[in-house]
2 protein chains.
Amino acid sequence: MKPLTIGELSAQAGVKIPTIRYYESIGLLPAPLRTDSNRRTYDAAAVSRLRFIRHARELGFEVDAIRQLLMLADDPAHPCGEADALARAHLADIESKIARLQALRAEVRNMVEPCPQGQVRTCHVIEVLADHSHCLHDHH
Amino acid sequence: MKPLTIGELSAQAGVKIPTIRYYESIGLLPAPLRTDSNRRTYDAAAVSRLRFIRHARELGFEVDAIRQLLMLADDPAHPCGEADALARAHLADIESKIARLQALRAEVRNMVEPCPQGQVRTCHVIEVLADHSHCLHDHH
DNA sequence: CTTGATCCTCCAGTCGCTGGAGAATGTACG
DNA sequence: CGTACATTCTCCAGCGACTGGAGGATCAAG
């Protein structure tokens with residue numbers, strides 16, 4: 001197969017060119033071969049790897065977690081438990097984010113709803129922000 | 001009232017000292033008076049303002065939004081609609097974040113659950129990440 | 001008077017990119 | 001073959017919202 005330019009890799013994987021170079025610089029992508037004129041050349045494996053990275057990023061995995069997942073993926077004989085543990089930790093993280101955002105939504109709703117569209121002097125939004133005791137919860 | 005040091009302000013408002021200086025540098029907090037030996041001195045109004053900022057940050061408002069809210073709060077005769085609009089925009093943002101995280105949670109659950117604890121070769125986590133087509137949705 | 005806490009400024013780092021400058025190539029058209 | 005334009009290269013700076021360290025000055029207590 002003929003090798004790909006960075007632009008083609010970018011198009012095929014859906015990742016911007018500067019981001020590809022950034023991933024290389026932090027060691028997520030291996031440094032590719034270069035042409036005589038110093039341009040990066042990629043093969044199909046690079047497309048897969050970059051898609052893997054992109055997908056994991058879209059799912060909210062941090063770069064360090066992706067680094068571990070890639071190492072695991074590179075070793076097919078490796079027991080699955082570690083990848084599973086990473087994903088489960090990520091799931092727990094997502095769930096706590098959801099819970100916090102839901103509490104937050106309740107606060108902000110409480111802030112917005114009784115606003116009588118008057119002046120700032122009597123505005124519930126400003127008042128709530130100025131005084132924490134108007135909050136539904138105080139754990140934040 | 002006797003003025004506060006930056007450390008006292010920090011303790012009373014629950015905001016770290018470097019963060020206070022940072023807020024001053026970006027114009028969220030006005031530059032305070034200084035002692036003869038160049039130390040910052042604050043009054044009770046600074047505590048309120050900083051608490052307002054902290055509270056808004058905890059509720060996830062961005063600094064730019066807080067800047068606007070502060071200007072509104074500083075002008076009691078101002079109509080309430082703008083503060084309300086800011087809060088409502090923020091509410092919509094929170095709701096979309098929750099929706100995205102819930103979709104994400106479904107993906108990651110789908111990734112984790114059927115994992116038979118075998119080897120990476122057959123690991124669902126790795127497989128899903130490597131191939132987007134295993135996803136429940138493809139809008140991400 | 002000494003010790004340790006607090007404060008000052010400045011600068012660099014965090015994370016995950018993003019984009020610009022300026023130079024060197026590659027490609028397409030006439 | 002020349003010219004124009006697209007693409008790529010490296011390096012560096014910036015985003016947001018802090019955080020922390022270095023190195024020095026000053027304060028408060030014993």
Side-chain angles (χ1 to χ4, degrees), chain A residues 2-29 31-42 46 49-70 90 93 97 100 104 140, chain B residues 2-29 31-42 46 49-70 89-90 93 97 100 104 129 140:
Chain A
K2 67 165 191 283
L4 304 166
T5 66
I6 196 170
E8 289 159 347
L9 173 64
S10 168
Q12 288 194 27
V15 174
K16 288 180 187 166
I17 292 174
T19 305
I20 295 172
R21 292 197 273 246
Y22 169 71
Y23 285 161
E24 183 185 326
S25 80
I26 62 168
L28 261 194
L29 282 178
L33 294 175
R34 302 283 185 128
T35 65
D36 289 349
S37 60
N38 200 35
R39 303 199 165 189
R40 292 167 176 86
T41 56
Y42 297 93
R49 194 177 182 89
L50 188 51
R51 282 194 179 143
F52 183 107
I53 295 169
R54 177 187 148 209
H55 195 186
R57 283 295 300 138
E58 283 169 345
L59 290 177
F61 286 87
E62 293 178 4
V63 164
D64 266 5
I66 297 174
R67 214 187 296 273
Q68 292 177 262
L69 287 169
L70 280 169
H90 187 49
D93 188 52
K97 274 183 188 153
R100 274 184 288 126
L104 187 55
H140 60 249
Chain B
K2 69 163 190 284
L4 304 166
T5 67
I6 196 171
E8 288 160 346
L9 174 63
S10 167
Q12 289 193 28
V15 174
K16 290 181 188 167
I17 291 175
T19 305
I20 295 173
R21 291 197 274 245
Y22 168 71
Y23 286 160
E24 182 184 328
S25 80
I26 62 169
L28 260 194
L29 282 178
L33 294 174
R34 302 282 186 129
T35 65
D36 290 348
S37 59
N38 200 34
R39 302 197 166 190
R40 290 167 177 86
T41 56
Y42 298 93
R49 195 179 181 88
L50 188 50
R51 281 195 181 141
F52 183 108
I53 294 170
R54 178 190 146 206
H55 196 187
R57 284 293 302 136
E58 283 169 346
L59 290 178
F61 286 87
E62 293 177 4
V63 164
D64 266 6
I66 297 174
R67 215 186 295 273
Q68 292 177 263
L69 286 170
L70 280 169
H90 188 50
D93 188 52
K97 273 183 189 152
R100 273 184 289 126
L104 188 55
L129 288 173
H140 59 250

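Throughout, protein chains are lettered first and strands after them, A, B, ... in sequence-line order, and every chain is numbered starting at 1.
- For the pair Leu9(A) CG and dT8(D) P, the interatomic distance rounds to 10 Å; values are reported in whole Å.
- Per the geometry, OH belonging to Tyr42(A) stands 10 Å off P belonging to dT8(D), to the nearest Å.
- Looking only at distances, a side-chain donor or acceptor of Thr41(A) sits under 3.5 Å from a matching main-chain atom of Leu33(A).
- In the set dT8(D), dC7(C), dC9(D), the nucleotide with an atom closest to the side chain of Thr5(A) is dT8(D).
- Taking side-chain N and O atoms only, Arg39(B) has no distance below 4.0 Å to OP1 or OP2 of dA5(C).
- For Pro18(B), whose side chain is taken as the heavy atoms from C-beta onward, the closest listed nucleotide among dC9(D), dA17(D), dG20(D) is dG20(D).
- The shortest distance between the side-chain N/O atoms of Ser37(A) and the OP1/OP2 oxygens of dA24(C) is not below 4.0 Å.
- For the pair Tyr23(B) and Arg57(B), the minimum side-chain heavy-atom distance is below 4.5 Å.
- The phosphate of dC8(C) has OP1 or OP2 within less than 4.0 Å of a side-chain N or O from Arg40(B).
- When the side-chain nitrogen and oxygen atoms of Thr19(A) are compared with OP1 and OP2 of dT18(C), one or more of them lie within a distance under 4.0 Å.
- One atom, OH of Tyr22(B), and another, P of dC8(C), lie 18 Å apart when rounded to the nearest Å.
- Atom CD of Glu8(B) and atom C1' of dA5(C) are 13 Å apart (whole Å).
- Taking a 6.0 Å sphere around CD of Glu62(A), one finds it holds 12 or fewer heavy atoms contributed by other residues, nucleotides or ligands.
- The nucleotide whose nearest atom lies closest to any side-chain atom of Arg34(A) is, among dT19(D), dC9(D), dG19(C), dC9(D).
- A donor-acceptor contact shorter than 3.5 Å is absent between the side chain of Arg39(B) and the backbone of Ile6(B).
- Rounded to an integer number of Å, the gap from CD1 of Ile20(A) to C1' of dT8(D) is 12 Å.
- In terms of position along DNA chain D, the nucleotide closest to Glu62(B) lies nearer the 5' end than the nucleotide closest to the other residue of the pair Asp36(B) and Glu62(B).
- For Arg57(B) and dC18(D), the shortest distance from a side-chain N or O to OP1 or OP2 is below 4.0 Å.
- Atom C1' of nucleotide dA17(D) and atom CG of Leu28(B) are separated by 10 Å, given to the nearest angstrom.
- Atom CD1 of Ile66(A) and atom CZ of Arg49(A) lie 11.0 Å apart (nearest 0.5 Å).
- Judged purely by atom type and a 3.5 angstrom limit, Ser10(B) uses its side chain to pair as donor or acceptor with the backbone of Val15(B).
- Atom CG in Asn38(B) sits roughly 13 Å away from atom C1' in dG24(D) (whole-Å rounding).
- Residue-to-nucleotide proximity on DNA chain C shows that, of Arg21(B) and Phe61(A), the 5′-proximal contact is made by Arg21(B).
- Nucleotide dC15(D) holds its C1' atom 13 Å from the NZ atom of Lys16(A), rounded to whole Å.
- The residue Ile17(A) sits close only to the backbone: its heavy atoms come under 4.0 Å of sugar-phosphate atoms, none of a base.
- Residue-level contact check: Thr35(A) touches neither bases nor backbone, having no heavy atom under 4.0 Å from any strand.
- Phosphate contact (OP1/OP2 of dC17(C), side-chain N/O of Tyr23(A), threshold under 4.0 Å): present.
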